[in-house]
Amino acid sequence: MTDYGHDLLFGAFVTPTAQPVHHAVDLAVTADRAGLDLVTFQDHPYQPRFHDTWTLLSYAAARTERIHLSGNVLNLPLRQPAVLARSAASLDLLSGGRFELGIGAGGFWDAIEAMGGRRLSPGQAVDALEEAIHVIREVWAADRPGGIRVDGTYYRVQGAKRGPAPAHDVKVWIGAYKPRMLRLTGRVADGWLPTLQYLSGGPADLTAMNAHIDEGAVAAGRDPAGVRRLLNIGGRFATNGRALLDGPPEQWAEDLAGLALEYGVSAFILAADDPATLELFAAEVAPATRELVAEERARASR
Amino acid sequence: MSGNYGHRLEFGTFITPVNASPETPVALARRAEALGYDLVTFPDDPDQPAHLDAWTLLSWVAGRTDRIHLAANVLTAPLRSPAVIARSAASLDLLSGGRLQLALGTGDRVAAGSAGASGLDAVEAVGGPRLDPRTAVDALDESIDVVRAVLDAGDPTPVRYLGDHHRLAGASRGPLPAHHIPIWLGGSDPRLLRLVGTKADGWLATSGPDDLGTANKIIDEAARAAGRDPAEIRRLLNVSGRFSATRQGFLHGPAADWVEDLLPLVVEHGIGTIVLMTDDGATLERFAREVAPALREAVDRALPAPLPRTARRTASVRAKRRPGIAYDEVPASLADGAVEPGDIAYAHVKSTYLRGGAPGLVLRPRDPAEVADALAFARAHRHLPLGVRSGGHGISGRSTNDGGLVISLARMNEIRVLDEATRRVRIGPGARWMDVAAALAPYGWALTSGDYGGVGVGGLATAGGVGWLARKHGLTIDHLRAVELVLADGTQVRASDTENPDLFWAVRGAGANFGIVTAFEFEVDEVGPVGWAQFALDASRPTDLLTRWGAAVEAAPRDLTSAILMGPPRPGQPPVAQVMAMVDSDDPATIVAQLQPVADIAPGYDQSVVITSYASVMANASDAPHQAQGEPISRTGLLAHLTPEFAEAAARLLASGVVYFFHIRSIGGAVTDVDPDAMAWSHRGANFHVTAFGRHRGRLDALWDDLLGPHLRGTYLSFETDLRPERVGEAFPPRTLARLRTLKRRYDPDCLFRDNFAIAPEPTPEPSARTTP
Ligand SMILES: Cc1cc2nc3c(=O)[nH]c(=O)nc-3n(C[C@H](O)[C@H](O)[C@H](O)COP(=O)(O)OP(=O)(O)OC[C@H]3O[C@@H](n4cnc5c(N)ncnc54)[C@H](O)[C@@H]3O)c2cc1C
């Protein structure tokens, strides 16, 4: 049993499809009105069927009011970290503190190279991500003295000015699966953002992965509870329960409460591209899950 | 002196994107839009922590504005991957509805106001490449190639590019933006100016008037050397100034002096866009109200001919024009929205849902006055085919063509409740039936239309409308209370039982022959949740199946409306028929009781019955643009009863393999309550409507005429593609046709409207007296 004690967040994982043009924006508006905490889009800059995720995030932020937005996760290799940092701070300022930075080391290296990006080995990509996060945090640290100097192997910043600082403490969430990335997550990130369907052993895999993150955090002198565990989920609403996240909303709530209490997951991001599913998730699953988890936490602390 | 290049004169703003109060630049941009500026721009300095990131801000502002165009001033290209710039540009252009212009620079000399060390040092300091003024322009040159290649979504081959600065190893192209995104370059280095001449669509300058002549000369020479017309390149100029009571200097004085200062820039130096650099709302407003209109007038007075009011099309676009169309005489109200073969939007408008097309010009009016303008243009092109398009689902209606004109009403798609008490709703022709259903659902209302949500209101509500509630609530046109239309001569009229009643009679069944309907007023029905059933039934005995289905449907209460769908024999697979039915009731017991006899007509493979809303049954079409190829081949007709003889003939038709889609819908019920003379749709006795689609015109016609023809009683024209003259007589019985021909002579004697069951006007008694307009 692991529970890092975070408040629960519920979000949407929406396909950033370019046709119909406003499909993803409309779903973000639906998620916002339905009361979800977060709307996220995947980022595959080499995929012309999708919108550019940064543009979409900014446009959707302008169309929504209270929901937070994040890439799920942003593809680092085709973006300059300092530009990304300033863009992120800008979006956070424009949206009144509603942006979070979900980021990944990148995959699909053939496609990245085809777009003019640099091919890295998986190991190099982990190091590059660490450097980039360092650059980003330096840019955001607007009131530290002096210019930014990062003399990295992959990214060099030579005396650039600091700032702007974002409107709120923008969280850095990393999409990670392998031990090195997980330890990096523990070392430098504010959150971990994997996708349940990529875990070959199902939720049970989370235990070992959490341990790597905790280990990375402890080694860096951090409290493992400082790293929120988020999870992309998929499922189906059905009258009769059949399997994990395949059944009526009450069953979903129990499934999610189980994931929260057993594996410390505190944010559930549902992959869905229709308004009805998102509305049901927000109206029925989220409150019921919160209630179950609150009850169990209260019982545990007695 | 380079003179004027003949572009529409535009006005823009340059706003400092301060991040200390991010709402300020956003509010200024919205203010600029409200004041009628054409363009809003923000600088993108490579290392300026007091500013918002330009791209993020542009995307945000796109979400908060509707009309104004957007550009960076200018985007620092070396800090971004050109392929990502291209995809981001396409996205922002799509999301904003075609409002993005792409202005790029090297970062070397950013727009005035940037402080500090050389821009290229700043590019490097933030993590960009080390460039000198020469390599920076080379890299920008390559960036343009890459951006253009990625945006060229029509080309299926991946982008391969081997430059010194950028290399692409097979990137896919797209997405296709909403409009042709022009590429403007900012800067004053002669190398950059030559690049403008060879490759760009515009030059964004910040220099004083003295340098403009030299710069224009470099650009023009480079353009000519590259075989381009220098006039294709728009010149934009960032200017700043102050209003004051008396003249103090250049752009520092009263509004009239500003006009005087700006006039030579436009007339002699060919500036096409003046971009006002200001963060002061009062200056922004004064310029818009006092300088811009006066400058326009002064320019038109000073030039030999007034400047165009519409966007200019490039030589490559004009090269794709079709013969016989006076493209340069398109009415000003329609010019910007018009789409011609070289335009980027053409791929999305040339074809319809079932028909491939290659029209020479698509006009897209937004209101009845613009429809009248479009019709005036069409009258001047009577020698070309004219298609009238609403939702683009025409089968009989040729709403696209080859080399002719199309008037598309897609933008006139408003749905508005006029009166809740009488359930009176006003709908534009461009609305789709799924949108209508969704808009009525919150009121607990529905309007029976058809079975496909993508079908447009304009085509269906002028022809009939056989929908899922037909037996309970009649045809769509039975709910029509008034229409507004523009006649062939451009007159705007209203028709109802009391105003132009003969026209109102004709529009309901033969509307396509009489004008362009610009608004429909319906009285809709109260419709709660409905039962919705889909059955897959054994069709190995098709004669029996059809006869029994017909009998079950005729015996059913009016709540139930059904359709049956069959296909050609499939080797090695059992024949299956799909039966669909809607029951207008939310009571499960009633629904089951009414469906049971239909379900029992044959052994079933699969079934689904749900209680749902009319709107969700109709929400079955995608928003994707229509891209059909070729011509649909269909036949259709009406039947009183589904007799065993008809069923036998239908079974033989299906067995022939010539038909790939065979469909019978139930009508009858409430449809029969209406007097056959009440409107032009007069086959009130029919209980069934049968349609077949095939792949060979001749084979389908031969079998259909032979096998089904003898059983049919008239036709519903919407599904017919056979052009032989007998079909008109089947659609309209003699008395109806005679009256329609009299009206055709009155309202459209020259047959401007002829894309859908053209009715020949009754001959005029004295042909010699006839005048042609
Ligand atoms: C998939 C599909 C399903 C269908 N299902 C049904 C159904 O269930 N029931 C049914 O009744 N019909 C049905 N139809 C037929 C449909 O009603 C007609 O094809 C109709 O013309 C389509 O209207 P539209 O506006 O989408 O077509 P368009 O292609 O835009 O127009 C077709 C024709 O209508 C005329 N027209 C269009 N707009 C106007 C206007 N504003 N004023 C005057 N004339 C105009 C023109 O002659 C034009 O050529 C279906 C068609 C398709 C393709």
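Numbers restart at 1 for each chain; the letters A, B, ... are given by sequence-line order, proteins then strands.
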Heavy-atom proximity to chain B below 4.5 Å, by part of [X]:
X	result
A:E113	backbone
A:V150	neither
A:A61	both
A:R49	neither

Using a cut-off of 6.0 Å, state whether more than 12 heavy atoms not belonging to [X] lie near its atom [atom1].
X	atom1	value
A:Y155	OH	yes
B:R64	CZ	yes
A:R137	CZ	yes
A:E65	CD	no

In Å and rounded to the nearest 0.5 Å, what is the [atom1] to [atom2] distance from [X] to [Y]?
X	Y	atom1	atom2	value
A:Q19	B:H348	CD	NE2	6.0 Å
B:L79	A:L84	CG	CG	12.5 Å
A:Y46	B:R87	OH	CZ	10.5 Å
A:D52	B:I85	CG	CD1	11.0 Å

Contact leader toward chain A among [options], where contacts are heavy-atom pairs under 4.5 Å:
options	result
B:G170, B:S622, B:P625	B:G170
B:G127, B:S88, B:A83	B:S88
B:P175, B:G174, B:G97, B:A54	B:P175
B:E124, B:E23, B:R160	B:E124

Can you tell me if A:R86 uses its side chain to pair, donor with acceptor, with the backbone of B:D53 under 3.5 Å?
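Checked: no pair found.
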Closest heavy-atom pair and its distance - [X], [Y]:
X	Y	result
B:P49	A:G163	CB-O, 3.4 Å
A:A82	B:V126	CB-O, 3.4 Å
A:V157	B:A125	CG1-O, 3.2 Å
B:L95	A:Y59	O-OH, 3.2 Å
A:S95	B:W60	CA-CH2, 3.6 Å
B:H51	A:S90	O-OG, 4.4 Å

If we define contacts as heavy-atom pairs under 4.5 Å, which of A:A18, A:G116, A:S87 has the most with chain B?
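Among the listed options, the one with the most contacts to chain B is A:S87.
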Side chain / backbone / both / neither for [X] at chain A, heavy atoms under 4.5 Å:
X	result
B:L58	neither
B:R167	backbone
B:V146	neither
B:R173	backbone

